[in-house]
S.K.: 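Below is a structure I'd like to ask you about.
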Amino acid sequence: MTEALRKLGERALALVEEAGGIALLALKVIGALVPPRLLRVGAAGLRLVAPSREVRNPPRVPPLSGRELLRNLDKMGVSSLPIVALTAFFTGGIMVIQSGIFVKRFGAQGLLGWGSGYAVFREVGPILIGLMFSGRVGSNNAAELGTMTVTEQIDGLRALAIEPVRYLIVPRVLAMVISMFCLLIVGDLVAVGGGMLFGKLLLGVEFSSFYYSLRDNLRPWDFLVGVIKASVFGLAISLTSCHFGTAVKGGAVGVGRAVNDAVVAAALAILISDYLLTLVLR
Amino acid sequence: MSRVEAFRDGAKLFRRIVVRTAVGSLRGRRPPGEVLRQMEQVGNRSVVFIAVTLGFIGMVLVFQTCLQINRVTGDLSQVGAEFLKILVHEFGPTLTAMMLATRVGAGIAAEVGSMVVTEQVDALRMCGVEPVEYLIVPRFLASLVMTGVLTVFGVAVAITMGTLTAYLTFHVNPRIFLDLGRVSLGDLATGGLKVIAYGAAIPIVSGFAGLGARGGSEGVGWATTRAVIASSFTVIVLDLVLSGVGLFLLQGGA
Amino acid sequence: MTRSFSGETVLAGIDLRVDRGETWGLVGPAASGKSVMLKTLCGLLPPDAGAVVVDGEDIAAATEERLMLVRARFGMLFQNNALFDFMTVGDNVAFPLVRRGGVEPKEIRARVSARLRAVGLAGTEDKFPSELSGGMRKRVGIARAVIARPDIVIYDEPTAGLDPVTTQKVYDLLARERDATGATVVVVSSDLDALLRFVPRVGMIYQGKLRYDGPAKKARDADDPVVRQFVRGDIEGPL
């Protein structure tokens, strides 16, 4: 009994520690995104309050690397397109089948586009695409950063006076948020296509009736909710994978564990933030 | 090695895994207690994870549905019945499996993959052990059982959280909400079929990724990533197929 | 006993014969196909073309079931030991005997502790491989390779990463094992000096071809400049 309690406490502590690490990383990323000029103004203000040496001479920060961002966008976003499109296509089909139960029960063909579209746009699309993106990009990112950490490449960057958060993490976070934003828009379109196709094949619902049902019953807001959700999921995935990737301890085995932890944490973060966003975005 | 050759080798390995797993599950020597040990591993790793994720899914589903219905008719008395129905035949099994694909699939691929790159699998073969029978079969059997157990557990958590959401946010009486009238035998059969299919597919797909690992610790990382994507995607494809089967054959359009 | 082998890509046509009871060494630069060759010899990798004959049986054409029986006649020490990290040292060493079956548990325990004593690791049965040092793990690997009294023993880099003293100890151990069992031994090693002292006959593989196969003592003065340079460790030469 005490043993079980002790284990539970240990796990809870570890959880809080990781959550704190992720929050800290988020703050650092935000800090790195503040334009240097603003930083200087802030430093001037701080100098009046606390004239320490560090504040008087704020470290010179290099501009964010646009090339690194583009490289990551290509690696994370463009290369995930096939798996996301396939997932979306099948998701559209699945949701049509689920709505099909109602269609068959009530004979309400006109509801198919609405029902499946609403579910895909607001809930199922962002979640499934987010989970796939986390499996592909998040885990890769954790593995890459983890390998860099255990092979001391990150310390090497520090030795060259390059700030790792700004140089390595910020472009990845931005790339993942932008990628999820774009991938969800593509995914929604593909899912509607898949829904139409399966609706016609399995339930005999005409393309036009599916389309009108979708157009007349859904607001642009429903679409937008999904896009916002996906972007937040992108942020959650990037923060968890960057955190677990850079916090690796213990060699190659540690990298494997970090990848596993990152994917699990991302799934938790996706579903919890999904709930919170659902409460906010009505 | 050309892509065609790589594909052919992969197909051969996959076929071997499927055949050996099928044969090995029915007969064959297993280290005693190994299946139980694997079941414990799966359970230990996933209970909290499943509870949290499925709990939130239960809340979100009820919340979204109530919101949408409030906009149209405002009659929330049917929400519970429909929620239980769709949870049993669709969201419960599928989302639990998506989570297990992440948790268990990655674990299997990492374990087996690191055994491959450290030549432990070759050492097994030198001792006259068929690696699929020794490594994959116990995980396969454990996954079959535990996917079922964890799905039931996850559905229970989702129902609890969904009922609470309906009661606290939308003031739906739990007695009205917990209406099992809509859940037909066909729904249960569809859900059960999905559970079995997912439970069988995840260890096979991840075992395939793990046994195909090549080259150092980086290879293990790749294998793990591939296992997560491939098993999640397999779950989605199986969901589509089995939902279709369920709709037309089992749920009888009711 | 004959083993001939002609594979492709990594190994481009190799003909080789090792007789029963002989000890044969194999050397070569990194990534020259040594490990691939060993794995082909014991039936872990099928050759693309050609034959691998063990005691009159062509294992290149054998079915997986047949191969299992043939492999049971081999003992192998892997490059990184490949100890099962989920088992204790005792279970690791006992594994080949347990799998073969037909031996009483009591007898297995006795033989395991005798083997471990022989490699200087008495009393480590209940430890896990991760608790041992590199040299100790190597010796556990050797104990596991020879516990079932195999007809043919293959050592892949038995001394990689060990200091000179430990290296010599390992080779002494290998020599004792060989003399006690009379098994056929194939050794791959990058540690040339120690290996050449251990084996009477050596082969060198380079770019997938067997460039030398003959007495170990004469390798230094081989006609082939590649072999000569590699064995002598010269900086200048065709390599």
Side-chain angles (χ1 to χ4, degrees), chain A residues 11 15 83 86-87 89-91 93-94 96-98 100-102 104-105 115 118-119 122-124 127-128 131-132 134-140 142-144 146-147 150 194 198 202-203 217 251-253 255-257 259-260 263-264 266-268 270-279 282, chain B residues 45-46 48-49 52-57 59-61 63-64 67-68 72 82 85-86 89-91 94-95 98-99 101-103 105-107 109-111 113-114 169 187 216-218 220-222 224-233 236-237 239-240 243-244 246-248 251-254:
Chain A
R11 273 203 198 165
L15 200 70
I83 188 77
L86 276 173
T87 306
F89 182 74
F90 285 106
T91 309
I94 292 166
V96 159
I97 293 178
Q98 301 311 337
I101 296 171
F102 294 93
K104 284 182 90 171
R105 197 194 304 159
Y118 184 78
R122 285 189 76 127
E123 272 314 319
V124 187
I127 288 184
L128 288 186
L131 288 175
M132 293 309 272
S134 156
R136 193 191 143 77
V137 176
S139 63
N140 254 342
E144 208 180 278
T147 310
V150 296
F198 281 101
L202 296 177
L203 304 166
N217 291 306
V253 187
V255 177
R257 204 177 312 127
V259 172
N260 217 323
V263 181
V264 169
L268 284 174
I270 286 174
L271 289 169
I272 296 174
S273 60
D274 180 53
Y275 175 71
L276 299 177
L277 287 170
T278 305
L279 290 186
R282 300 208 175 187
Chain B
R45 276 183 191 164
S46 324
V48 178
F49 184 47
V52 175
T53 47
L54 267 284
F56 275 99
I57 285 166
M59 299 201 286
V60 168
L61 283 179
F63 195 87
Q64 287 279 32
L67 215 62
Q68 188 71 353
V72 186
E82 294 298 344
K85 183 183 174 74
I86 202 164
H89 75 74
E90 168 62 17
F91 285 117
T94 304
L95 287 170
M98 284 296 281
M99 297 300 127
T102 318
R103 196 81 179 109
E111 272 168 27
S114 63
T169 317
D187 295 331
S217 57
E218 215 162 280
V220 181
W222 274 110
T224 313
T225 308
R226 263 178 50 202
V228 173
I229 304 171
S231 36
S232 311
F233 190 64
I236 292 178
V237 174
D239 185 22
L240 179 74
S243 295
L247 177 64
F248 288 104
Q251 290 162 311

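So that the names make sense, note that chain A is the first sequence line, chain B the second, and so on, each numbered from 1.
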S.K.: Answer with side chain, backbone, both or neither: which region of Thr53(B) has an atom nearer than 4.5 Å to a non-hydrogen atom of chain A?
M.R.: both
S.K.: If you tally heavy-atom pairs under 4.5 Å against chain B, which of Val259(A), Asn140(A), Val263(A) wins?
M.R.: Asn140(A)
S.K.: Do you know which of Met99(B), Arg226(B), Glu90(B) has the most heavy-atom pairs with chain A at a distance under 4.5 angstrom?
M.R.: Glu90(B)
S.K.: Write down the atom of Ile229(B), the atom of Met132(A), and the distance for their closest heavy-atom approach.
M.R.: O-CE, 3.8 Å
S.K.: Taking all heavy atoms of Ala227(B) and all of Ala109(B), pick out the closest pair and write down the distance.
M.R.: CB-CB, 3.4 Å
S.K.: Where on Leu86(A) is there a heavy atom nearer than 4.5 Å to chain B: the side chain, the backbone, both, or neither?
M.R.: both
S.K.: Where on Ile57(B) is there a heavy atom nearer than 4.5 Å to chain A: the side chain, the backbone, both, or neither?
M.R.: side chain
S.K.: Working to the nearest 0.5 Å, report the span between CD1 of Ile127(A) and OG1 of Thr91(A).
M.R.: 11.0 Å
S.K.: Ala142(A), Ala119(A), Ser139(A), Gly138(A): which one forms the most heavy-atom pairs within less than 4.5 Å of chain B?
M.R.: Ser139(A)
S.K.: Show, in sequence, the C-alpha distance, side-chain angles and deciding distance for Thr278(A) and Arg122(A), and conclude whether the side chain to side chain contact (heavy atoms under 4.5 Å, CB included) test is met.
M.R.: CA-CA 9 Å; Thr278(A) 305; Arg122(A) 285 189 76 127; 5.7 Å; no
S.K.: Measuring heavy-atom distances to chain A, does Leu67(B) have an atom under 4.5 Å in its side chain, in its backbone, in both, or in neither?
M.R.: side chain
S.K.: Is there a donor-acceptor pair under 3.5 Å between the side chain of Ser273(A) and the backbone N or O of Ile270(A)?
M.R.: yes
S.K.: Parallel, tilted or perpendicular for Phe198(A) and Phe89(A), by the 30°/60° rule?
M.R.: tilted
S.K.: Looking only at heavy atoms, what is the nearest atom pair of Ser243(B) and Ile94(A), with distance?
M.R.: OG-CG2, 4.5 Å
S.K.: Are Leu203(A) and Val96(A) close enough that some pair of their side-chain heavy atoms sits under 4.5 Å apart?
M.R.: yes
S.K.: Under a 4.5 Å heavy-atom cutoff, which of Val124(A), Leu202(A), Thr147(A) has the most pairs with chain B?
M.R.: Leu202(A)
S.K.: As an exercise: rank Val52(B), Thr169(B), Val60(B), Val237(B) by heavy-atom pairs under 4.5 Å with chain A and give me the winner.
M.R.: Val60(B)
S.K.: Less than 4.5 Å to any heavy atom of chain B: does that hold for the side chain of Leu279(A), its backbone, both, or neither?
M.R.: both
S.K.: Among Thr87(A), Leu128(A), Val264(A), Asp274(A), which residue has the highest count of heavy-atom pairs closer than 4.5 Å to chain B?
M.R.: Val264(A)
S.K.: Given heavy-atom pairs under 4.5 angstrom as the criterion, report whether the side chain, backbone, both or neither of Met59(B) touches chain A.
M.R.: both
S.K.: Under 4.5 Å heavy-atom distance to chain A, tell me which part of Val228(B) shows up: side chain, backbone, both or neither.
M.R.: side chain
S.K.: Given a strict heavy-atom distance threshold of 4.5 Å, which part of Phe63(B) is in contact with chain A: side chain, backbone, both, or neither?
M.R.: side chain
S.K.: First locate atom NZ of Lys85(B), then atom CD of Gln98(A), and finally report the distance between them rounded to the nearest 0.5 Å.
M.R.: 10.0 Å
S.K.: Chain A heavy atoms under 4.5 Å from Ala106(B): which part of the residue, side chain, backbone, both or neither?
M.R.: both
S.K.: Rounded to the nearest 0.5 Å, what separates atom CD1 in Ile97(A) from atom CG in Leu247(B)?
M.R.: 6.5 Å
S.K.: Go through the atoms of Leu268(A) and report whether side chain, backbone, both or neither lie under 4.5 Å from a heavy atom of chain B.
M.R.: both
